[in-house]
Number of protein chains: 2
Amino acid sequence: MDNRDSKKNYRTRQQDSIEKYFRLHPDSCVTADEIYIRFMNAGEKIGKATIYRCLDRMVESGEIKKFLSDGGEGATYQLIDGEGGCDRHFHLKCTRCGTVIHMDCEFMDEFERHIMQHHGFMVDNGRTIIYGLCEKCNAKAT
Amino acid sequence: MDNRDSKKNYRTRQQDSIEKYFRLHPDSCVTADEIYIRFMNAGEKIGKATIYRCLDRMVESGEIKKFLSDGGEGATYQLIDGEGGCDRHFHLKCTRCGTVIHMDCEFMDEFERHIMQHHGFMVDNGRTIIYGLCEKCNAKAT
DNA sequence: ATTAAAACTGATAATCATTTTCAAATTGCC
DNA sequence: GGCAATTTGAAAATGATTATCAGTTTTAAT
């Protein structure tokens, strides 16, 4: 029925390297270009096109998440630890330090129920990102 | 203290035209390019740079809202009727038809309170957009 | 291990939205 | 009217991302 994912993924050195990078930096939020620079500085050759393609694949598979930026600074990518499946909770992203909090609690269901019942709207958790300030940054901001 | 808005805004034909366009199409969600094409087709001459600049100003003033798109399709802009001040409520945006629902109810406060108390996170309503399907599109989708 | 097909890489070119530049035009104010 | 501040617009520049395509690597099957 759905043959979008009919092709298998071949494991490659570049793919593994990028994946390893994210696993080593679980909280870092990087652009494709930053990855390119880091790899080049580390003496690991990789093409930009490849980076974009790998990132796309990883986003597709739900391993990482893509965040759009308001200015023209290029999208950032960040590891999403998929233990519980990320369609099941919201992501709270700090606009200051980039931290992503996984909001995985019963209240979320209540939230969705309210929006469905009172506003006739079916929330897409995977696509939605709640922006604001995390505890630390909020303390600093005041 | 804050001299960012020290310069006065001159009212111009182009500025008025774009503003009028949004008022006439409160529910339409357009890209800068679409505005350009519409104006050209209507015989109203305008430069693209000007459109971008006007849109930026209107976003700044809170009159319209800028929505980023995941693909490379360019940002879309939509009128935000500022009756109650848009920092006071959430925006629910349908990923199918583009409709924006203003969620302005007591539950929102509860939501913010919960997130603050249980997740230590200070939600920024103005920046946050909840994505999903509106009633009509959700019905069709099933 | 060979092999063939499928998938991936990377250098480069292309695309395309957005920004910058700067001279000319417009606006608001005296 | 006259002047300074601001805006406009055509064209060039920028910059992130995607497409191209020949060559390489991976996988699965023999």
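So you know, we letter chains A, B, ... as the sequences are listed, proteins then strands, and number each from 1. This one's a predicted model, so the numbers in the text were calculated from it and none came from an experiment.
Look at CD1 on B/Ile46: it is 14 Å from C1' on C/dT26, rounded to the nearest Å. The distance from atom CD of A/Glu19 to atom P of C/dC8 is 14 Å, rounded to the nearest whole Å. Distance, B/Lys8 NZ to D/dC3 P: 18 Å, rounded to whole Å. In this entry the distance linking CZ of B/Arg57 with P of C/dT27 reads 13 Å, nearest Å. Taking atom CD of A/Glu44 as the reference point, atom C1' of C/dG10 lies 14 Å away to the nearest angstrom. With rounding to whole Å, A/Glu60 atom CD is found 15 Å from C/dA7 atom P. Going from atom CD1 of B/Ile37 over to atom C1' of C/dA17 covers 13 Å, rounded to whole Å. For B/Ile51 and C/dC16, the CD1 to P distance is 18 Å, given to the nearest whole Å.
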Legend entry - Letter per nucleotide, 5' to 3', of nucleotides 14-26 of chain D [B base touched, S only sugar-phosphate touched, - untouched; heavy atoms, 4.0 Å]: --SBBBB-----B

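Taking the ring axis of B/Tyr36 as reference, the NZ or CZ atom of B/Lys48 stays within 45° of it and closer than 6.0 Å to the ring centre.
With A/Thr95 contributing its side chain and A/Gly132 its backbone, the two residues share a donor-acceptor pair below 3.5 Å.
Between A/Ala75 and A/Lys66, the closest heavy-atom pair is CB-CE, 3.6 Å.
Between A/Lys45 and C/dA11 there is a side-chain polar atom (N or O) within less than 4.0 angstrom of OP1 or OP2. Distances shorter than 4.0 Å separate none of the side-chain N or O atoms of B/Gln15 from OP1 or OP2 on D/dT7.
When hydrophobic side chains of Ile, Leu, Val, Met, Phe, Trp and Tyr are connected at separations under 4.5 Å, B/Leu133 ends up clustered with A/Met116, A/Met122. In this structure, B/Val100 belongs to a hydrophobic cluster whose other members, linked by side-chain heavy atoms under 4.5 Å apart, are B/Phe67, B/Ile129, B/Tyr131.
In this pair, A/Phe111 and B/Phe111 present their aromatic rings parallel. The plane angle is below 30°, not in the 30 to 60° band.
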